[in-house]
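Okay, structure first, notes after.
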Amino acid sequence: MKNAIILHGLPDKKEYYDPKVPSASNHHWIPWLQKELLSNEIAAQTPEVPHAFEAHYESWKKEFERFEITPETILVGHSCGGGFIVRWLSEHKNVKVGNVILVAPWIDPTKELGDNDFFDFKVDPNVTSRTKKFVIFNSDNDSEAVHKSIQIIKDTVKGTKFVEFHNYGHFCLEDMKTTKFPELLAECLK
């Protein structure tokens, strides 16, 4: 049976502790995508990284690796979650996976995290050779840091498919004004 891992982005500390804001793994389009994948007979997991705002790579890795990762596994990462997937795949050259879809991937090209080593890695240019497909979703009105991240990945990773959206911002609820993301579901199922 196919499975999927949908990895959230990096919340700020205030958002993380705000009782009015859903947890990162239950926010934006993530729960909708999980339910849609389940309805398509794909076991979908949405790991919740404890203290995700602190961006400790080993914590993210521990949560991510709790789930089975096979050549049929679909990986979806939003923002920092997408950047994490790029690093994890770059460092695990013996692992093959299914579809990889990165939604506004961020790898901190402007060092917003300071000396944090979360993105201290070299992007593997051959990562697509171990995936069924490797897709980046970008919005024309996302931040400059995300656009730089995407450019680095596109320039480095051979065979990247690039899909551009107009006015989707950072693909968050407040930007998209909906929790539904049919284009992402369609890409997962292709």
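Both backbone and side-chain heavy atoms feed into the values below; hydrogens, waters and symmetry mates do not. By convention here, the first residue in the shown sequence is residue 1. It should be emphasised that the depicted structure is a prediction, and the values quoted were computed from it without experimental measurement.
Side-chain contact between L75 and N99 is absent, with no heavy atoms from C-beta onward closer than 4.5 Å. Counting only heavy atoms from C-beta outward, the side chains of V21 and Y16 never approach each other to under 4.5 Å. Side chains of P105 and I136 form a contact here, defined as non-hydrogen atoms less than 4.5 Å apart. The closest side-chain heavy-atom distance from T70 to N3 is below 4.5 Å. You'll find the side chain of S139 stays beyond 4.5 Å of the side chain of N167, heavy atoms only. Side-chain contact check for H147 versus N138: some heavy-atom pair is nearer than 4.5 Å. Under the 4.5 Å side-chain criterion, counting only non-hydrogen atoms from C-beta, E164 is in contact with D140. T156 is listed as a side-chain neighbour of P125, based on a closest heavy-atom distance under 4.5 Å.
Q34 places a side-chain N or O within 3.5 Å of a backbone atom of A44 that can act as its donor or acceptor partner.
In the displayed structure, K35 atom NZ is contacted under 6.0 Å by at most 12 heavy atoms of other residues, nucleotides or ligands. Remark: K61 NZ is packed, more than 12 non-hydrogen atoms of other residues, nucleotides or ligands lying under 6.0 Å away.
How far OG of S143 is from CD of E112: 7.0 Å, rounded to the nearest 0.5 Å. Between the OG1 atom in T110 and the CG atom in L113 there is a gap of 9.0 Å [rounded to 0.5 Å]. Atoms CG and OG1, from L102 and T160 in turn, are 8.5 Å apart once rounded to the nearest 0.5 Å. Summarising the geometry, atom CD belonging to E15 is positioned 9.5 Å from atom CG belonging to L10; distances are rounded to the nearest 0.5 Å. Rounded to the nearest 0.5 angstrom, I107 CD1 and I150 CD1 are separated by 10.0 Å. To the nearest 0.5 Å, atom CZ of residue F67 and atom CD of residue Q45 are 4.5 Å apart.
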Stepwise salt bridge (Lys or Arg N to Asp or Glu O under 4.0 Å) check, K132 with E72: CA-CA 9 Å; K132 288 191 177 164; E72 294 295 314; 2.8 Å; yes
Test I69 against F64 for side-chain contact (heavy atoms from CB on, under 4.5 Å), laying out the working first. CA-CA 9 Å; I69 300 169; F64 182 75; 3.5 Å; yes
Under the criterion salt bridge (Lys or Arg N to Asp or Glu O under 4.0 Å), I'd like the reasoning laid out for R130 against D124: C-alpha separation, chi angles, the key distance, then a yes or no. CA-CA 11 Å; R130 299 184 317 278; D124 178 8; 2.8 Å; yes
Given the rule in the salt bridge (Lys or Arg N to Asp or Glu O under 4.0 Å) test, do E144 and K148 qualify, once you have shown the distances and angles that lead to the verdict? CA-CA 6 Å; E144 189 60 33; K148 284 182 182 179; 5.2 Å; no
May I have the step-by-step check of side-chain contact (heavy atoms from CB on, under 4.5 Å) for V97 and L89, ending in yes or no? CA-CA 9 Å; V97 297; L89 288 171; 4.2 Å; yes
Apply side-chain contact (heavy atoms from CB on, under 4.5 Å) to residues H27 and H8 and explain how you reach the verdict. CA-CA 8 Å; H27 203 15; H8 62 74; over 6 Å; no
I'd like to know whether K62 forms a salt bridge (Lys or Arg N to Asp or Glu O under 4.0 Å) with E65, so could you lay out the CA-CA distance, the side-chain angles of the two residues, the decisive distance to 0.1 Å, and finally the verdict. CA-CA 5 Å; K62 181 179 178 183; E65 290 179 345; over 6 Å; no
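C80 and F118 make their closest contact through SG-CE2, 3.6 Å (heavy atoms, listed as atom of the first residue, atom of the second, distance). For the pair A145 and P109, the tightest heavy-atom approach, listed with the atom from each and the gap, is O-CG, 3.4 Å. Across all non-hydrogen atoms, the minimal contact from W60 to G81 is CZ3-CA, 4.0 Å. What you find for S25 and P47 is that their closest heavy atoms are CB-O, 3.5 Å.
Note on K180 versus E36: no salt bridge recorded, every NZ/NE/NH1/NH2 to OD/OE distance being 4.0 Å or above. Salt-bridge check for K133 with E187: passed, with a basic side-chain N closer than 4.0 Å to an acidic carboxylate O.
Between Y57 and F84, the ring-plane angle classifies as tilted under the 30° and 60° cut-offs. Between F53 and H51, the angle of the ring planes goes over 60°, which puts this pair in the perpendicular group of the 30/60° scheme.
Residues H78 and W106 place their aromatic rings such that the two centres sit no closer than 6.0 Å.
Residues D142 and H170 have side chains that bring a donor and an acceptor to within less than 3.5 angstrom of each other. A donor atom on one side chain and an acceptor atom on the other are not found under 3.5 Å apart for S129 and N126.
Checked against salt bridge (Lys or Arg N to Asp or Glu O under 4.0 Å), K154 has no partners two or more places apart in sequence or in another chain.
If you chain together hydrophobic residues whose side chains sit under 4.5 Å apart, V127 and F162 fall into the same group. V100 and I152 fall within the same hydrophobic cluster, where Ile, Leu, Val, Met, Phe, Trp and Tyr residues are linked whenever their side-chain heavy atoms come under 4.5 Å apart, directly or through other members.
Taking Ile, Leu, Val, Met, Phe, Trp and Tyr as hydrophobic and joining them when side-chain heavy atoms fall under 4.5 Å apart, one finds F137 in a cluster with I6, W29, I30, W32, L33, L37, I42, I74, V76, I101, V103, V135, V163, F165, Y168, F171, M176, F181, L184, L185, L189.
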